[in-house]
Amino acid sequence: MNDANSDEAEKRVHELREEIAGHNYRYYVLADPRVPDAEYDRLMRELEALEEAYPELVDPDSPTQRVGARAAEGFATVEHEVPMLSLGNAFETEEVEAFDRRVRDTLDIDRVVYTGEPKLDGLAISLRYERGRLVRAATRGDGRTGEDVTANVRTIRAVPLKLRSPDAPDPLEVRGEIYMTRSGFTELNRGLEAEDQKTFVNPRNAAAGSLRQLDPKVTARRPLRFFAYSAIVYRQGSDAGLGDSQLESLDRLAALGFPVSSMATRRAGVEALLKFYREVQEERAELDFDIDGVVYKVDDFDQQRELGYVSRSPRWALAHKFPAEEEMTRLERIEVQVGRTGKLTPVARLDPVFVGGVTVTNATLHNLDEIRRKDVREGDWVIVRRAGDVIPEVVRPIVEKREKMLPEWELPERCPECGSHVEQVEGQADARCSGGLVCPAQRKRALEHFASRNAMDIDGLGTKIIDQLVENELVDDPADLYRLDAETLAGLERMGEKSAANLVHALEASRKVPLSRMLFALGIREVGEVSAAALARHFRDLDALMEADVETLESIRDVGPVVARHIREFFDEPRNRRVIERLLESGVEWYVEQVAEPEQQPLAGCTYVLTGSLEGLTRPQAKQRLEALGARVTGSVSKNTTAVIAGEEAGSKLEKARELGVEVLDEAALQKLFSAKEG
Ligand code: IVH
């Protein structure tokens with residue numbers, strides 16, 4: 001090989017390494033990648049090819065050498081020079097207030113400046129850098145000794161192998177959390193399932209399992225990430241942080257190439273901490289990684305030193321945990337609920353358990369396939385999960401706690417509500433009651449749907465009243481509702497004269513209704529609000545729709561072949577036609593709204609994000625009105641966001657908007673927008 005060529009190659013190899021490190025930094029630290037993945041891969045391949053041609057240029061810190069080591073037999077133990085401590089926990093506001101009081105008393109000041117950070121739900125790791133290079137990665141272990149997982153950690157791209165600045169402290173120990181993204185976790189489990197391998201229960205377990213692989217090649221394929229949260233600088237046997245405060249040290253860590261959470265923020269006083277807690281809680285569901293609370297840290301390092309430690313945790317920090325999202329309880333029995341269209345849903349009746357901030361007594365089991373897949377049985381101990389506002393679900397049984405043989409659960413052969421036989425179509429997961437409107441449960445749910453907010457919007461006609469109306473044979477189908485009088489209604493349980501009169505009023509008010517809502521209210525299978533609106537827009541007439549053939553229906557946007565068939569079948573059923581006739585006879589009057597085609601709507605192409613609390617209307621109402629004008633409403637701010645609508649106590653989304661230069665509207669500006677566009 002001639003020298004000129006190898007000089008050239010060496011130059012290019014260095015350029016490529018720099019460029020790749022720069023892309024890693026943009027991707028993991030700044031969360032703002034500049035090149036598509038394909039370009040990144042191309043650079044990596046070019047570097048690999050050069051290193052193969054010029055083996056003398058291979059360097060252990062080259063990005064191609066992340067998977068360097070062979071499979072190990074086990075992990076060596078590592079003693080932590082500075083122990084890895086744990087954090088004191090709080091669940092209640094009072095505990096946070098007590099923490100702040102103790103800190104203020106010790107420091108003898110009125111107000112303390114803290115940092116608030118998310119508490120990442122992964123595994124603590126210590127990274128040691130010498131002369132700017134990663135030399136060792138160790139797990140927390142018992143806090144004093146951990147395991148040497150360097151070979152595995154080197155495969156995690158978010159962990160820099162080399163520091164970005166030549167004048168970084170030396171040696172430097174960086175601590176943080178290794179975690180797996182939720183999306184990566186879902187994908188990983190999907191792959192494992194396809195290969196008939198055991199799946200992981202949650203991202204945390206998946207991260208732990210991936211980090212403890214003896215073969216770094218396996219770890220390299222796992223979507224692991226890293227966030228740094230502290231640094232230790234060793235100076236003549238003593239240790240110190242990087243800079244003078246926690247937030248400053250996070251900034252310095254980011255400058256050295258470490259990903260730090262963009263949610264970390266400085267807050268003065270306990271009220272501001274509690275506000276941060278609420279903001280993060282609100283943002284939690286939209287994050288692509290699990291967090292189990294927030295961490296408060298006294299920001300100033302001198303103050304931290306003054307406060308010191310108590311047993312195994314610092315006096316200057318506190319973890320404020322979110323209510324647990326998973327708990328264990330006994331599944332007493334499985335019951336079957338019958339839905340509006342006859343669909344049977346098995347529901348787990350549970351020993352009441354406090355999870356995700358509420359007491360849960362029921363959890364959905366979806367269908368028989370799901371019960372079989374999870375192997376849940378009546379009498380099992382189960383893990384129940386309730387995250388955010390989602391419906392509680394049974395995650396899995398704790399098979400080890402199954403005391404005796406429990407029989408598998410079977411679907412009933414007859415509908416528990418009406419005794420009609422149960423249909424299970426081959427290849428479909430859902431079973432159905434074949435009773436149709438003979439089945440009181442289906443009638444009740446159909447009436448509930450008819451009266452619901454986005455359908456006929458009959459205020460005060462809730463489940464309890466509907467159940468009584470059907471059971472007392474006062475109402476059979478929706479048309480009967482309009483024949484009810486105040487006297488009959490007042491005779492029902494929990495119904496005073498006032499509420500009866502109110503309900504008669506509400507029925508009266510619901511008589512005039514946009515065609516789209518009436519169509520939605522009829523409860524035609526698979527016809528949701530969007531397809532109902534499309535049908536109303538297309539036909540602008542009920543009779544024309546009732547006569548339309550399947551081909552015409554299919555030609556409408558938002559109406560597919562299955563929906564078209566359901567619509568046709570619905571109107572071919574004489575009983576349904578009769579209900580419609582009687583509705584019209586009893587004074588229900590539909591009208592056609594002046595709706596523009598989606599692309600001509602006043603806010604078509606605009607995207608809004610709502611944050612904080614609004615006074616004059618709820619967030620769902622604001623969302624509905626914006627969407628009615630053709631806008632999209634999303635949960636996270638990006639540079640494509642048209643504007644962020646910020647109410648009271650708006651949090652990090654507002655900050656993000658300011659960062660990105662996205663327009664911010666307050667409630668008054670939103671109202672102005674509505675009056676200008678709603679016409
Ligand atoms: S600071 C002495 N900050 O929580 C304080 N820890 O019990 C050391 N954790 O396993 C920890 N997010 O890995 C700190 N922003 C954060 C954190 C965090 C998660 C974990 C940490 C440790 C546990 C503390």
Side-chain angles (χ1 to χ4, degrees), residues 80-91 95-96 99 103 114-127 137-147 149 153 156 158-159 173-181 202-205 207-208 211-212 224-233 239-242 245-251 253-254 258-267 273 276-277 279-281 283-284 287 289-301 303-322 324 652:
H80 297 296
E81 218 167 301
V82 175
M84 290 182 81
L85 303 175
S86 58
L87 292 166
N89 278 339
F91 281 95
E95 297 170 90
V96 179
F99 160 77
V103 170
Y114 297 93
T115 51
E117 298 169 21
K119 186 169 188 304
L120 311 153
D121 199 7
L123 299 114
I125 196 92
S126 141
L127 307 172
T139 61
R140 176 169 181 270
D142 63 6
R144 295 192 180 279
T145 51
E147 286 179 319
V149 286
V153 169
I156 303 171
V159 172
E173 185 180 332
V174 174
R175 292 181 175 177
E177 201 86 349
I178 303 258
Y179 65 98
M180 191 178 283
T181 56
N202 56 36
R204 200 193 116 83
N205 285 11
L211 199 61
R212 295 200 84 267
L224 294 176
R225 293 290 187 97
F226 172 70
F227 269 137
Y229 53 65
S230 73
I232 298 171
V233 178
D239 60 271
L242 202 64
S245 72
Q246 170 65 8
L247 207 66
E248 194 183 325
S249 77
L250 292 181
D251 284 345
L253 281 169
F258 295 94
V260 298
S261 169
S262 60
M263 289 152 96
T265 162
R266 220 176 235 140
R267 302 278 164 122
L273 291 185
F276 174 70
Y277 177 84
E279 285 165 14
V280 175
Q281 203 168 21
E283 214 170 319
R284 184 182 191 190
L287 300 173
F289 48 86
D290 281 352
I291 58 176
D292 56 351
V294 296
V295 184
Y296 308 131
K297 297 175 187 168
V298 170
D299 189 44
D300 185 278
F301 283 159
Q303 291 180 349
Q304 285 190 4
R305 273 186 280 273
E306 199 177 329
L307 285 153
Y309 297 82
V310 53
S311 70
R312 322 259 308 119
S313 28
R315 280 209 191 85
W316 44 262
L318 182 75
H320 189 180
K321 304 272 284 266
F322 295 137
S652 54

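In listed order, ligands and their atoms are each counted from 1. Every value quoted in this text rests on a predicted model; they were computed, and no experiment measured them.
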Legend entry - Numbered atoms and elements of ligand 1 in range of P118, under 4.0 angstrom, heavy atoms: 12 (N), 15 (N)

Inset, instruction - Consider every N or O of Y229 and every N or O of ligand 1, then say whether any pair is closer than 3.5 Å. - result: yes

Legend entry - N/O donor-acceptor pair under 3.5 Å between D299 side chain and Q246 backbone: yes

Inset, instruction - Take S261 and E117 through the side chain to side chain donor-acceptor pair (under 3.5 Å) test and state the conclusion after the steps. - result: CA-CA 7 Å; S261 169; E117 298 169 21; over 6 Å; no

Legend entry - Nitrogen or oxygen of K119 less than 3.5 angstrom from that of ligand 1: yes

Inset, instruction - Taking Q304 for its side chain and V298 for its backbone only, find out whether a donor-acceptor pair lies under 3.5 Å. - result: yes

Inset, instruction - Please could you name the atoms of ligand 1 that P314 approaches to less than 4.0 Å, counting only its heavy atoms? - result: 2 (C)

Legend entry - Element-labelled atoms of ligand 1 that are located less than 4.0 Å from some non-hydrogen atom of S86: 7 (O)

Inset, instruction - Determine yes or no for a side-chain-to-main-chain donor-acceptor pair under 3.5 angstrom, with R204 supplying the side chain and D121 the backbone. - result: no

Inset, instruction - Report yes or no: does A319 have a heavy atom closer than 4.0 Å to ligand 1? - result: no

Inset, instruction - Measure the distances from the heavy atoms of A317 to every atom of ligand 1 and state whether one is below 4.0 angstrom. - result: no

Legend entry - Sub-4.5 Å side-chain heavy-atom contact between M263 and L287: yes

Legend entry - Residue and atom name of the nearest protein heavy atom (relative to atom 12 (N) of ligand 1), distance in Å to one decimal: L120 N, 3.1 Å

Inset, instruction - Check whether any side-chain heavy atom of V294 sits under 4.5 Å from a side-chain heavy atom of K119, and report yes or no. - result: no

Legend entry - Nitrogen or oxygen of L85 less than 3.5 angstrom from that of ligand 1: no

Inset, instruction - May I ask you to check if ligand 1 and L123 share an N or O to N or O distance below 3.5 Å? - result: no

Inset, instruction - Please find out if less than 6.0 Å separates the ring center of F276 from that of Y114. - result: no

Legend entry - Options V295, L87, V294, ranked by nearest heavy atom to atom 7 (O) of ligand 1, top entry: L87

Inset, instruction - Over 60° means perpendicular and under 30° means parallel, so classify the ring planes of H320 and Y277, tilted if in between. - result: parallel

Inset, instruction - Could you list the atoms of ligand 1 found under 4.0 angstrom from a heavy atom of K297? - result: 1 (S), 3 (N), 14 (C), 16 (C)

Inset, instruction - Starting from atom 20 (C) of ligand 1, locate the nearest protein heavy atom and write down its residue, its atom name and how far away it is, to 0.1 Å. - result: E177 OE1, 3.5 Å

Inset, instruction - Taking the side chain as every heavy atom from C-beta outward, state whether F91 and F322 have any atom pair closer than 4.5 Å. - result: no

Inset, instruction - Using side chain to side chain contact (heavy atoms under 4.5 Å, CB included) as the criterion, point out the one residue from L253, L127, I232, I125 that pairs with R175. - result: I232

Inset, instruction - Would you mind checking which non-hydrogen protein atom is closest to atom 10 (O) of ligand 1, with the distance to 0.1 Å? - result: A124 CB, 3.8 Å

Legend entry - Proximal atoms of ligand 1 relative to E117 (non-hydrogen, under 4.0 Å): 3 (N), 15 (N), 16 (C)

